[in-house]
Amino acid sequence: MSTASELIRKDILAGLESAFEKGTLPEIQVDDAAIERPQNPEHGNFACSLPLKLAKPFKMNPLAIAKALTENLPTNGVIGNASVVAPGFINITLDRRWVLDQVHWIRDNPETFSDISIGKGKSVQVEYVSANPTGRLHIAHARGAVIGSTLSELLRTAGYIVQEEYYLNDAGNQIDNFDISLLTRYRQLCGECVELPEDAYPGEDIIDVARKILDRDGHRYLKMPEEEARSAIGIAGTPLILEGISQDISSLRIQFDNWFSEKSLFKAGQFQKCIKILNDKGFVEKKDGATWLISSELGEEKDNVLIRRTGAPTYFATDIAYHFNKFHERRFDRVIDIWGADHQGQVSRLKSALAALGTNPDNLDMVLVQMVRFKKGKTAEKLSKRSGNVIPLLELVNEVGADACRFMFLSRSHDSQLEFDLDLAKENSSENPVYYVQYAHARICSILRLATSKGISFDEGEPNRLGEPSELNLINKMLELPDVVETSVRNLEPHHLPHYALELATCFHLFYQNCRVISSHASDIPLTKSRLMLVDAARIVLKKSLDLMKMTAPEKM
RNA sequence: GCCCCUAUAGCUCAGGAGGAUAGAGCACCGGUUUCCUAAACCGGAGGCACAGGUUCGAGUCCUGUUAGGGGUACCA
């Protein structure tokens with residue numbers, strides 16, 4: 001089965017081919033049917049602007065092209081009517097019977113009706129959140145988390161094999177800092193009078209971890225030499241931190257398929273191997289006691305340090321090795337990283353390094369998620385981990401709810417900054433658009449419940465009895481979901497999904513307003529059954545939209 | 001300085017690979033309920049930062065200006 005837009009596209013190209021054969025249009029290769037869904041309903045379900053685009057290469061008047069094309073369009077498929085309109089559009093109305101038949105199609109394929117095949121079974125890894133394991137997650141992590149997980153769902157429904165991964169930065173500076181912070185907190189709990197160093201993490205979640213360690217292991221770390229104590233308590237603390245992160249993330253209904261340890265890159269020799277390859281290719285040099293990647297020879301603005309004078313690798317170096325692992329060891333066809341926009345400077349040089357390692361950088365996409373400002377009262381404040389004025393992710397989810405949280409973070413384009421009004425989300429939640437969508441689903445379920453209680457079955461309903469504008473409008477909107485999936489996946493932009501869900505809900509509410517579903521008149525039974533069928537199909541599509549966003553679809557509100 | 005992102009209604013944001021009259025929610029004004037959920041529906045008012053360019057056509061692409069955010073470390 002194909003989607004409406006696929007069929008229309010096919011028909012237009014077929015019409016073109018047929019006009020070529022008849023010689024009414026000059027035979028020039030055309031790949032794109034240039035169709036869209038017009039905003040003005042008077043322009044039909046689809047509009048084709050191909051004649052306008054072909055005017056120049058064909059050296060013909062667009063209206064003449066439109067006429068020739070329209071005359072050759074197949075007439076017994078999806079296209080019900082095609083009309084030529086100045087300055088050269090073809091407005092296409094879907095065949096009514098075909099549209100109504102889709103109600104059956106959706107009900108017969110509730111899980112797969114919106115699946116598309118652009119992924120072609122390729123493997124793709126989506127890596128997101130990947131916050132340093134130095135504490136609990138806070139609200140700044142939420143946006144990337146929601147975007148990453150929804151994108152993963154979308155990629156699956158688009159035919160990709162998806163792995164969701166959390167990259168665990170369990171090596172490096174931040175971790176040293178964490179060890180020091182944890183040890184300090186631990187000592188404080190043991191009654192020692194020690195100050196938290198300036199660079200340390202002030203967060204209270206580290207105190208919680210220190211307390212757990214104290215309860216479990218007693219005072220053993222006090223007796224160790226400084227270095228040993230740091231490392232030992234760090235090793236003891238990491239699993240506890242991970243437990244917390246895992247709990248935080250699951251509050252947003254996220255579960256990773258894999259947690260990848262940075263340390264493992266060194267243990268497995270991956271890091272060393274990677275540097276060696278770069279070295280063998282002549283892109284590595286020693287300067288000022290450090291080891292550099294000569295990225296300037298790879299088209300970058302400047303060279304970058306791989307291994308510091310101290311012998312410690314930079315984040316950049318391990319990131320190269322990590323991505324080398326993704327492509328060369330684990331052989332993903334595609335990799336998508338969801339990053340905060342503050343990592344934007346890393347994109348180009350990482351891609352260059354990968355290219356030097358023989359990976360096509362086009363197989364790597366970074367989705368840069370812009371910063372979120374959280375508005376409390378009238379002031380929008382920037383929250384930072386260092387200043388300690390962070391709001392834990394769990395607190396946000398508990399107060400706002402996972403559904404509202406996901407919807408809010410999803411509904412903005414990732415490359416726009418987002419202002420999250422905490423007060424509005426908390427106090428005014430009933431005015432939140434998320435409820436509008438969920439309410440439509442609850443309404444649907446309510447109708448279906450009534451039908452059940454009245455003993456009305458509707459499997460034998462006949463969609464071709466339908467035909468009210470708001471009915472057709474609703475079905476047409478339902479048929480758009482596969483296109484929304486395609487657009488979202490193609491552009492890695494999950495924000496189209498909540499907007500679609502809103503539109504679909506609007507179409508349903510409108511239908512509900514205009515069409516009485518369960519009639520009390522016996523003579524209306526066939527229509528009632530047909531409408532129940534439509535309502536059930538609408539339920540399936542709405543549910544699917546919510547599922548893709550990992551939101552709940554309440555049956556009662 | 002250089003690089004990236006952004007600028008659309010009073011506010012928060014869409015505008016789905018340039019298309020025909022730019023949309024939604026909230027806020028404001030007015031209306032709708034003998035009937036399946038009024039958390040709904042209908043109507044009103046209100047906008048593409050500025051200046052050029054590309055073309056049959058620009059909110060969308062290009063250049064410049066202005067404003068905001070981010071980056072430009074042997075931090076991550």
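In what follows, every heavy atom counts, from backbone to side chain, and hydrogens, waters and symmetry copies are set aside. Proteins get letters first, then strands, A, B, ... in listed order; numbering begins at 1 in each. Source: prediction; values computed, not measured.
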Closest to the A:E419 side chain, choosing from B:rG16, B:rC13, B:rU21: B:rC13

Hey, can you pull the donor-acceptor pairs under 3.5 Å for the side chains in residues 532-540 of chain A, sequence neighbours left out?
unit_1 : atom_1 : unit_2 : atom_2 : d
A:D536 : OD1    : A:R539 : NE     : 2.9
A:D536 : OD1    : A:R539 : NH2    : 2.9
A:D536 : OD2    : A:R107 : NE     : 2.7
A:D536 : OD2    : A:R107 : NH2    : 3.3

Classify the nucleic acid contact of A:K56 as base, sugar-phosphate or nothing, counting any heavy atom under 4.0 Å across all strands shown. sugar-phosphate

Residues 511-538 of chain A vs ring pair (Phe, Tyr, Trp, His ring centres under 6.0 Å), sequence neighbours excluded, gives A:F508-A:F511

Return each pair, listed once, that meets ring pair (Phe, Tyr, Trp, His ring centres under 6.0 Å) where at least one residue sits in residues 299-321 of chain A; pairs must be two or more places apart or across chains. none

Heavy atoms under 4.0 Å, any strand shown: does A:A290 hit a base, just sugar-phosphate, or nothing? base

Give a yes/no on whether any side-chain N or O of A:H414 is located under 4.0 angstrom from OP1 or OP2 of B:rC5. no

Between A:H499 and A:H495, what is the ring plane arrangement, given parallel below 30°, perpendicular above 60°, and tilted in between? perpendicular

Consecutive Watson-Crick or G-U pairs in runs of at least 3, all under 3.5 Å, in which RNA chain B is involved: B:1-7 with B:66-72, B:10-13 with B:23-26, B:28-32 with B:40-44, B:49-53 with B:61-65

Between A:F409 and A:F420 (judged by ring centroids, cut-off 6.0 Å), do the two rings come close enough to count as a pair? yes

Indicate, with a heavy-atom threshold strictly under 4.0 Å, whether A:K53 touches base, sugar-phosphate, or nothing. base

Tabulate protein N/O versus nucleotide N/O from nucleotides 32-36 of chain B, keeping only pairs under 3.5 Å, one per line.
unit_1 : atom_1 : unit_2 : atom_2 : d
B:rC35 : O2'    : A:R516 : NH1    : 2.1
B:rC35 : O2'    : A:R516 : NH2    : 2.6
B:rC36 : O4'    : A:R516 : NH2    : 3.1
B:rC36 : O2     : A:I518 : N      : 3.0
B:rC36 : N3     : A:V517 : N      : 3.0
B:rC36 : N4     : A:Y512 : O      : 2.9
B:rC36 : N4     : A:C515 : O      : 3.1

Write down the distance between NE2 (A:H495) and C1' (B:rC13), rounded to a whole number of angstrom. 10 Å

Classify the nucleic acid contact of A:E301 as base, sugar-phosphate or nothing, counting any heavy atom under 4.0 Å across all strands shown. sugar-phosphate

A:H509 and A:R443: side chain donor to acceptor below 3.5 Å: yes

Whole-Å distance separating the CG atom of A:L63 from the P atom of B:rA20: 17 Å

Establish, with yes or no, whether the OP1 or OP2 oxygen of B:rA76 is under 4.0 angstrom from a side-chain nitrogen or oxygen of A:N169. no

Using a strict 4.0 Å threshold on nitrogen-to-oxygen distance, state whether A:K326 and A:D337 make a salt bridge. yes

In residues 500-507 of chain A, which residues come under 4.0 Å of RNA chain B by heavy atom? A:E503

From the candidates B:rA39, B:rG19, B:rG25, the one with an atom nearest any side-chain atom of A:P433 is B:rG25

Using the C1' atom in both, what is the distance from B:rU55 to B:rC11, to the nearest Å? 36 Å

